[in-house]
2 protein chains.
Amino acid sequence: MRLLLVEDDEAIANGVRDALRRAGFAVDHARDGEAAWVMGGDEEYDVVVLDLGLPRLDGMTVLRRWRAEGRVFPIIILSARGAWLDKVEGIEAGADDYLAKPFEPAELVARVRALVRRKAGHAEALLTFGPLLLDTRRMKALVHGSEVNLSPLEYRLLHALAHSGGRPLSAGELSEMLHGVDAAEANAIEALVARLRRKIGAEVIETRRGFGYCLMDG
Amino acid sequence: MRLLLVEDDEAIANGVRDALRRAGFAVDHARDGEAAWVMGGDEEYDVVVLDLGLPRLDGMTVLRRWRAEGRVFPIIILSARGAWLDKVEGIEAGADDYLAKPFEPAELVARVRALVRRKAGHAEALLTFGPLLLDTRRMKALVHGSEVNLSPLEYRLLHALAHSGGRPLSAGELSEMLHGVDAAEANAIEALVARLRRKIGAEVIETRRGFGYCLMDG
DNA sequence: CCGAAGCTGACATCCCGCTGACAGCCCTCG
DNA sequence: CGAGGGCTGTCAGCGGGATGTCAGCTTCGG
């Protein structure tokens, strides 16, 4: 799950980044508005956390430009200005949420998770696919009610499939999501899927030959 | 746009309801938890605004029950309790947003709008042609409601025909679309169509002798 | 009734995806 | 610092589904 954090205050940025990383997000960090603008134009992030008071290019401007360009990723505004008028303005400009400083990192994490849930079209932090239950808050998986020990990559693979909304994800796409930008990692994904199937049961991960992988219904 | 407001305090309810109606929502009003529970079970609301301190059935309980039942409408919590821990708890329980009292109705309206926007991004991509239903997100086809397993080429062929706007596509065109630039693959397309017809029913793909193929109306 | 376009079943091939084994890497622990 | 173990990428081989090809048949239009 890729997330862009736009924040110039290093102290706040470090705290937030750590909290988000612990929550399982791959966090990119932009320190000014122009960097944010470029990064948001290149990558397709799952969520953007956007400070308003930025050097070089104001946060609201970045927000409006993104929306004018048709970028649809969820955006949470962080701001020192907590008056209701500021909040209304931010949200009407296209933000999905508005959090006034100072705030507790845990609340930000909760709100980010709510947006990810909503973006994927479901409402709960617990997702079930047949015998598999994915607890996205604790980052754990249960099969038939008993906990399964997953490696980081295995968990992220399940997480990616669980949030794809039923769309099959190809090995290439998955490789790109789990590793860096460029894929091309031999058959690493197939091997990963095989190991995962041994742990959680073969039928949970469906192979759609020629399309990719997806999780079983239920 | 239908909205359910759950709030027992008449003064707050009136203010909020007026603001939401002015914003164009059709507002239903529940004054206690049990009424809310019933109404949310019957109707499919676009957004629910849920107070936590309710007579007869606690707001958090209603929220959890809805989510346990699989109701996915966006929920905004209203609460007098504004501590970050309360907010985290509410959101993790399945709410999409949390607004502490006192609040400005305009802010609530803005947040409701943000949720509606986000929900609107989930337009379903379903195309129907007679008994055939093409689910472009899952890349699956249903015939008379039962799932059909399509090979990649078969799916792409249907997809191409579905997007041709009723214009028949010749074997040559189809071959060019499915394979590379130059077509000329013997009668591969005819064979493909034959296999496809066996799976989804012959009448779905019409042959327009001399012109090509197209999907039946529907 | 004829010819061409299209259909179909059989078959061969090819490539995708599965698997088990192995190796390098990193972290932990003695 | 070295040993051990878990995690993950790589390789080679295999099985089977996907798809092109062909030959013969059917259908349509004139």
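Residue numbers start from 1 in every chain, and the chains themselves are labelled A, B, ... in the order their sequence lines are given, proteins ahead of strands.
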Margin query: In whole Å, I'd like the distance from the CD1 atom of B/Ile205 to the C1' atom of C/dG6.
Written below: 14 Å
Margin query: Taking the minimum atom-to-atom distance to the side chain of B/Pro152, which one of D/dA18, D/dT8, C/dG9 wins?
Written below: D/dA18
Item checked: d(CZ, A/Arg209; P, D/dG15) in whole Å -> 14 Å
Margin query: Could you tell me how far apart B/Lys199 (NZ) and C/dT8 (P) are, to the nearest whole angstrom?
Written below: 15 Å
Next item on the list: For B/Asp217, look at atom CG and say whether over 12 heavy atoms of other residues, nucleotides or ligands are found less than 6.0 Å away.
Entry: no
Checklist line | Closest to side chain of B/Ser151, choosing from D/dC7, D/dC11, D/dT19 | finding: D/dT19
Notebook entry, point to check: Quick one: do A/Glu92 and B/Arg113 make a salt bridge, cutoff under 4.0 Å?
Noted result: yes
Next item on the list: Would you kindly give the CG-to-P distance between B/Leu196 and C/dC7, to the nearest whole Å?
Entry: 12 Å
Next item on the list: Step through the shown structure and confirm whether more than 12 heavy atoms of other residues, nucleotides or ligands are within 6.0 Å of NZ on A/Lys140.
Entry: no
Margin query: Side chain of B/Glu190, heavy atoms from C-beta onward: which of D/dG20, D/dA18, C/dG6 has the nearest atom to it?
Written below: C/dG6
Next item on the list: Among the candidates C/dG6, D/dG9, C/dT19, find the nucleotide nearest to the side-chain atoms of B/Tyr213.
Entry: C/dG6
Note to self: From C-beta outward on A/His179, which listed nucleotide comes closest to its side chain: C/dC7, D/dA18, D/dG9?
What the structure shows: D/dG9
Check: Which is true for A/Leu192 with a 4.0 Å heavy-atom rule: it touches a base, it touches only sugar-phosphate, or it touches nothing?
Finding: nothing
Notebook entry, point to check: Where the side chain of B/Thr207 is concerned, which of C/dC18, C/dC7, D/dT10 is the nearest nucleotide?
Noted result: C/dC7
Check: Could you state the CZ-P distance from A/Arg156 to D/dC7, rounded to the nearest angstrom?
Finding: 15 Å
Check: Should A/Arg197 be listed as having a side-chain N or O under 4.0 Å from OP1 or OP2 of C/dC18?
Finding: yes
Check: How long is the line joining CG of A/Leu174 and C1' of D/dG9, in whole Å?
Finding: 16 Å
Checklist line | Heavy-atom closest pair, residues A/Arg208 and B/Met139 | finding: NH2-O, 2.6 Å
Next item on the list: Indicate, with a heavy-atom threshold strictly under 4.0 Å, whether B/Arg195 touches base, sugar-phosphate, or nothing.
Entry: base
Note to self: Judged by each residue's nearest nucleotide on DNA chain D, which is more toward the 5′ side, B/Leu150 or A/Asn187?
What the structure shows: A/Asn187
Item checked: Atom-pair distance (CD1 on A/Ile189; C1' on C/dC18), nearest Å -> 14 Å
Next item on the list: Side chain of B/Leu153 only, please: which of D/dT10, C/dG17, D/dT19 is the nearest?
Entry: D/dT19
Margin query: Can you tell me if B/Arg198 touches the phosphate of C/dG9, counting only side-chain N or O atoms and a distance under 4.0 Å to OP1 or OP2?
Written below: yes
Next item on the list: Figure out the CD/C1' separation between A/Glu206 and C/dC18, and round it to whole Å.
Entry: 16 Å
Note to self: If you define the side chain from C-beta out and look only at heavy atoms, does anything of A/Pro131 sit under 4.5 Å from A/Val204?
What the structure shows: yes
